[in-house]
2 protein chains.
Amino acid sequence: MREGPDIARIASLVGDPARANMLTALMGGTALTASELALVAGVSLPTASSHLSKLMEGGLLTLASQGRHRYYGLAGPQVAGMIEAITGVAAAVGPQRVRPGPRDAAMRVARVCYDHLAGEQAVAMLDRLVARQVLLRHDKEIRLGPSAASHFAAIGIDVESKPRRPLCRACLDWSVRRSHLAGTLGAAILDKIIAEKWARREKDSRAVIFSPMGKQAFEKVFLG
Amino acid sequence: MREGPDIARIASLVGDPARANMLTALMGGTALTASELALVAGVSLPTASSHLSKLMEGGLLTLASQGRHRYYGLAGPQVAGMIEAITGVAAAVGPQRVRPGPRDAAMRVARVCYDHLAGEQAVAMLDRLVARQVLLRHDKEIRLGPSAASHFAAIGIDVESKPRRPLCRACLDWSVRRSHLAGTLGAAILDKIIAEKWARREKDSRAVIFSPMGKQAFEKVFLG
DNA sequence: ACAATGCTTCGATGAAGGACGAACTATGCG
DNA sequence: CGCATAGTTCGTCCTTCATCGAAGCATTGT
């Protein structure tokens with residue numbers, strides 16, 4: 001009636017519980033098939049298919065067909081950011097729910113948030129990096145400290161080249177209610193954790209499980 | 001079914017056209033009465049009242065009763081940020097709409113975005129401040145340059161004291177599709193513009209109309 | 001070629017919720 | 001006190017849309 005972008009259309013796409021569950025599942029960063037998404041959404045395959053075509057039409061998802069599998073993924077960081085923002089409001093506004101965070105203990109400790117690490121571990125990591133002044137923080141604004149380049153280079157992460165996406169971003173952790181590190185640096189650190197096999201992704205979940213040795217290594221590098 | 005914050009509940013609140021219009025109107029930053037919101041939403045008063053109580057229950061609005069008037073406003077910056085994020089996705093995803101930006105030409109030039117300035121003027125301002133290195137920008141991250149303190153002090157804006165909200169933030173402008181300046185600094189600049197009477201708020205709209213002299217003054221200070 | 005798997009389309013059903021008019025409550029004004 | 005204005009509550013209508021079973025396509029495997 002008054003305005004350009006059709007915000008109600010987008011919001012109502014997210015506003016259905018089945019679709020919201022799908023999108024939340026896709027925040028794990030990996031693309032999923034229609035059947036998997038039907039499972040997490042708790043609906044039948046036809047119903048899921050209908051939801052998926054709506055989300056596609058709304059531009060929130062991308063589709064990669066591989067043989068008879070069709071992998072759906074989030075359309076991009078902007079969409080992920082929107083889901084994050086909505087999740088943040090929902091978490092802030094909804095302490096009427098009994099459980100204050102993720103039901104699963106493992107999810108509280110460490111989980112994937114689109115392409116970076118979230119949960120207690122991630123919050124502790126950002127805290128420590130800021131305390132050691134590897135990163136400098138003013139509220140939501142995070143930038144590299146003087147020792148950042150050498151610190152991250154030592155573990156094989158390049159922070160010198162300027163990527164198109166923001167290098168550092170604060171992302172409000174909805175279980176701990178404090179910020180963790182997002183952006184390309186956050187993504188690179190998660191890659192590192194998985195590549196070094198310090199932790200593995202829990203199947204069908206966003207949870208990230210550290211091995212005892214991996215936890216030690218992670219803490220040595222990031223919390224030491 | 002799987003998860004903590006009830007994101008579908010929040011999103012579905014925004015997902016109704018009438019409510020979306022109300023929230024968008026409240027992005028202007030000023031609280032509005034139920035009748036005014038009924039008007040912008042294009043619904044009858046009873047319908048609006050029903051929507052408003054739902055938004056209240058969802059925690060998206062605050063209410064200030066003054067006599068027989070009840071002023072509804074956005075619950076806070078987090079909610080505003082969420083609306084922004086949704087608007088961004090809707091704008092990015094919805095070029096199927098014929099008009100690429102706000103219908104109203106004045107809205108394209110300058111408008112209020114919750115508590116700061118948006119539109120062509122605002123985008124030009126950020127560009128210029130970055131070009132002059134008053135502000136330093138790496139993608140979404142904006143921080144103060146060396147000359148920022150003196151530059152803003154000269155026009156009566158204090159950037160030294162650290163506020164709780166981020167001082168600078170990039171906010172994607174959905175009409176121009178480039179960033180403008182948000183955060184407390186963005187808000188302070190808008191205050192300045194209004195206080196100096198360089199521009200006035202258009203009634204019942206987010207549009208900001210510069211006077212000829214005000215435009216000159218603004219351009220001298222921020223685009224000069 | 002035939003079966004099996006993965007997914008989509010079709011059609012019918014049912015429930016949720018948005019719409020408004022009328023009646024009710026509350027505040028302000030003369 | 002009585003009238004006007006602002007807003008909410010109630011009851012009812014009606015549209016929208018999520019849901020599922022069954023059937024239809026498409027791709028892979030034997």
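Each chain gets a letter, A, B and so on, in the order the sequences are listed, and its residues count up from 1.
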| said: I'd like to compare against my own output: the B/S/- annotation of nucleotides 20-27 of chain D with a strict under-4.0 Å heavy-atom distance to protein. | reply: BBB----B
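- Closest contact between the side chain of H69(B) and the listed nucleotides dA19(C), dA18(D), dA6(D) involves dA6(D).
- Looking at S49(B), its side chain never comes within 3.5 Å of a backbone N or O of L45(B) through a donor-acceptor pair.
- Comparing atom distances between the A18(B) side chain and each of dT8(D), dT19(D), dA19(C) picks out dA19(C) as nearest.
- For L13(A) against G58(A), the heavy-atom pair with the smallest separation is CD1-CA, 3.7 Å.
- Atom P of nucleotide dG17(C) and atom CZ of R9(B) are separated by 12 Å, given to the nearest angstrom.
- Nucleic acid contact class of S53(B) (heavy atoms, under 4.0 Å, all strands): none.
- Taking atom CG of residue L52(A) and atom P of nucleotide dT19(D), one finds them 12 Å apart after rounding to whole Å.
- Going from atom CG of L37(B) over to atom CG of L55(B) covers 9.0 Å, rounded to the nearest 0.5 Å.
- Phosphate contact (OP1/OP2 of dC17(D), side-chain N/O of K54(A), threshold under 4.0 Å): absent.
- Distance CG (D16(B)) to P (dC17(D)): 11 Å, rounded to an integer number of Å.
- To the nearest angstrom, C1' of dT5(C) lies 14 Å from CD of E36(A).
- Residue K192(B) qualifies as enclosed at atom NZ: its count of foreign heavy atoms under 6.0 Å is above 12.
- Contact annotation: R19(B) side-chain N/O to dG18(C) OP1/OP2 distance is under 4.0 Å.
- Summarising the geometry, the separation between NE2 on H51(A) and P on dT9(C) is reported as 14 Å, rounded to the nearest angstrom.
- At a threshold of 4.0 angstrom between heavy atoms, the contacts of T33(B) are confined to the sugar-phosphate backbone, with no base atom among them.
- In this entry the distance linking OH of Y72(B) with P of dA6(D) reads 15 Å, nearest Å.
- Ring geometry, H116(A) versus H180(A): the interplanar angle falls from 30° to 60°, so the pair is classed tilted.
- Residues forming a ring-ring contact (aromatic ring centres under 6.0 Å, His included) with F152(B) (at least two apart in sequence, or on another chain): none.
- Across the protein-nucleic acid pair, L39(B) atom CG and dT5(D) atom C1' stand 16 Å apart, rounded to whole Å.
- Between R70(B) and dT8(D) there is a side-chain N or O to OP1 or OP2 distance below 4.0 Å.
- No engagement by Y71(B) is indicated, since no non-hydrogen atom pair under 4.0 Å with the nucleic acid exists.
- Here the closest heavy-atom approach between residue Y72(A) and residue M56(A) is recorded as CE2-CG, 3.8 Å.
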